[in-house]
Structure formats: structure tokens, C-alpha cells
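Note: hydrogens, waters and symmetry copies are ignored here, and every other heavy atom, side chains too, is used.
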Amino acid sequence: MRVSFGKRATGVSAAVYLLSGLIAFCAAVPPSGLTGEEIARRTIARARAAAKSGKLDSFTYKKLSVSEELDARGRVKERKEKVLFFRSGSGSLLEMKVNGRPVTGNDFLRQEELASQDRQKMTSGKSPRRDDNWEKYVTPDLLTKYQFKLLERTNYHGRSTYVLSFAPISRNLPVNQLADKLINQIAGKIWVDEQEFEVARAEVTLQSEVNLWGGVLGVLKKMYFVVDRTRVSENAWFNRSTFGDFEGRKLLDSTHMKLRSESSNFERILPMSSLK
């Protein structure tokens, strides 16, 4: 039986993809006497150094990604499950099911094509590559977007952690690409590992509605996104799980999507010399 798919969730998965990149920016331990801007500058320097080191590219892992489209009563209309394999930051789709049915052949290839199109629309990039390298979104431009406040110091997963709040610095931030429409309207809290300047957890909400393509094609009305991260080795952290709840409008129809992911089986890639 041939499975047919629509584009109900166009842009939503790509938005989540970018949200995780934004979260990487917010990792900051506030030493005494430093301002929020100074902390952010140190964070950017650390993230860029980590990206250049290539340390995060030396791992493989699997990710289970589940998306559910809900009706007006909160019942599941369509459920998609994907199993992906990541190596050196680049991912490939291994398996896919829709409402419990395996997707194969041309339908399988079509899903990859649609995912690539969504990523390129959100990032204005030319590469269709599926990746989990969020550090590339950590740029000095983010310094002009948010203000940070230290709320408390706590213990998270057995490690000393700071809890910070963040919010847009202005209601009229510039929009240079589609992703900015979302990034300019989010706020939340971040749990930051004190020792390694890494985000251990983040909770993000939408402050106001976001019009996609001028509101003609869609509107994102509500959003709640949570990411929990795990320390795989020294200064190497990955998303362990994510959860997102999105409500809005696609064309003339209301949409409600729930997305979650779980990553596991983190393994370091051994150099060829060690295999001899």
C-alpha cells in the first residue's frame, strides 16, 4: 500500500532544529562581577572553540524522533516515528513509520526531500545536510537579542548548576531570515553546568504569535520546548531528550503538533590506528 503525506508540519521540525542551536548559545556560568553581555561573549568564545576542536564530531549515536498531529480534542490524527543514525555530526534516516506502518521506497525518499526543504527554508542555507552541530548558530549577533538574569544556584543530575532566565532585549528586533521571526519571540530558563559552561537543561516558550510567510501560509500561536542534555565525556555534551508542543494555523486549518526525541548509544569513533 502506498502511503501519501501532506506538509502539515512544514517548518515546525526545522524550527525545533534551530531552537536546539540557539540553546547552545545560552551556556554561561556567571562569575562574580561579570555582566550578562560579558558572560555571553565568553560563552560564544567557548562554543566556537569547541566547534573548531571537532570534539563533538568524534561520536556516533542514534536518535528516535516522534511527531504527533492532534485534532481539536487532543486525539492523535497522525503519528510519525523516525530512527536516525548520527556520525561525525551528520545524520541519516534509518527507519520510518507512519501510524505504525513502515515507510519504504519512493515514500521514504520523499520524506527526506521534504525534511531537507524545510531545513533550507529556515536557515536560508544551500546544504540539505541533516546535522546536530548547533554551535554554528552561535554568532555575535545573538548578543544584541537577549538579556540574561541569574535566578539561583542548584544541583542538577549531581552537578553544580546555575539557573538563568533569558528574554528578548526588545520587541522590535531585526528579521534577516525566517528563523529570526521565531528566535526574536522566545524566552525561558536555562540550567547551566558550573564546571564546563554547558547547558544541562532548557525550557523555552513563545512570547507572542509568529507569522510565517506573512501569516498567509501559517501562524505559530503557542510553543513550549524542553531539552535535557547529557555529558558524554569531558566538555562533550549532547541532547539526551527533547519535547515540543506547538499550536498554530497552517493555511486555513488549525494545527497542533507534539514532537519528542530521545538520543542514545553514544560511542566515540576510534581512530584507524587504534584498530590495527
Side-chain angles (χ1 to χ4, degrees), residues 11-12 14-51 121-125 133-154 156 161-194 197-215 218-227 229 237 239 242 244-248:
V12 173
V16 173
Y17 170 79
L18 287 169
L19 269 175
S20 298
L22 173 67
I23 287 168
F25 154 73
C26 300
V29 177
S32 176
L34 289 182
T35 66
E37 183 176 351
E38 289 168 341
I39 295 168
R41 290 186 186 280
R42 292 191 179 196
T43 302
I44 290 175
R46 183 211 57 80
R48 287 190 165 184
K121 285 179 182 178
M122 292 298 294
T123 62
S124 297
N133 291 329
W134 316 120
E135 288 79 7
K136 62 186 176 184
Y137 297 108
V138 181
T139 68
D141 291 341
L142 294 177
L143 292 170
T144 64
K145 289 183 180 291
Y146 300 104
Q147 56 185 355
F148 301 88
K149 180 179 179 181
L150 174 61
L151 302 179
E152 63 175 328
R153 188 185 181 204
T154 186
Y156 191 72
T161 307
Y162 289 92
V163 183
L164 290 81
S165 65
F166 75 95
I169 201 168
S170 168
R171 293 186 177 183
N172 299 305
L173 294 172
V175 177
N176 299 316
Q177 59 181 357
L178 182 59
D180 290 333
K181 288 181 173 290
L182 175 65
I183 293 173
N184 291 352
Q185 296 298 331
I186 63 174
K189 295 198 300 184
I190 311 154
W191 284 251
V192 180
D193 185 79
E194 180 179 354
F197 302 171
E198 287 281 357
V199 173
R201 177 181 174 86
E203 297 179 359
V204 181
T205 58
L206 190 68
Q207 291 193 311
S208 60
E209 293 186 0
V210 175
N211 292 328
L212 303 176
W213 295 280
V219 177
L220 183 60
K221 297 182 178 180
K222 296 180 181 179
M223 181 197 77
Y224 175 67
F225 183 76
V226 180
V227 59
R229 306 184 75 224
W237 292 62
N239 290 353
T242 65
D245 193 342
F246 304 83
E247 294 185 49

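Under the 4.5 Å side-chain criterion, counting only non-hydrogen atoms from C-beta, M223 is in contact with L182. By the 4.5 Å heavy-atom criterion applied to side chains, F166 and L164 are not counted as neighbours. Residues L206 and F225 fail the side-chain proximity criterion, which asks for heavy atoms closer than 4.5 Å.
The two atoms that bring V226 and E203 nearest to each other are CG2-CG, 4.1 Å, heavy atoms only. When all heavy atoms of V219 and E209 are compared, the closest pair comes out as CG1-OE1, 3.7 Å. When all heavy atoms are compared, the tightest approach of R171 to Q185 is O-NE2, 4.4 Å. Considering all non-hydrogen atoms of both residues, R229 and W237 come closest at NH2-O, 3.2 Å. Nearest heavy-atom pair across Y146 and I183 is OH-O, 2.5 Å. Counting all heavy atoms, side chain and backbone alike, D193 lies closest to T161 at N-CG2, 4.1 Å.
Ring geometry for Y156 against W191 counts as tilted: the plane angle lies between 30° and 60°, on a 0 to 90° scale.
Side chains of N211 and K181: no donor on one and acceptor on the other come within 3.5 Å.
Remark: the backbone N or O of P174 is paired with a side-chain donor or acceptor of N184 at under 3.5 angstrom.
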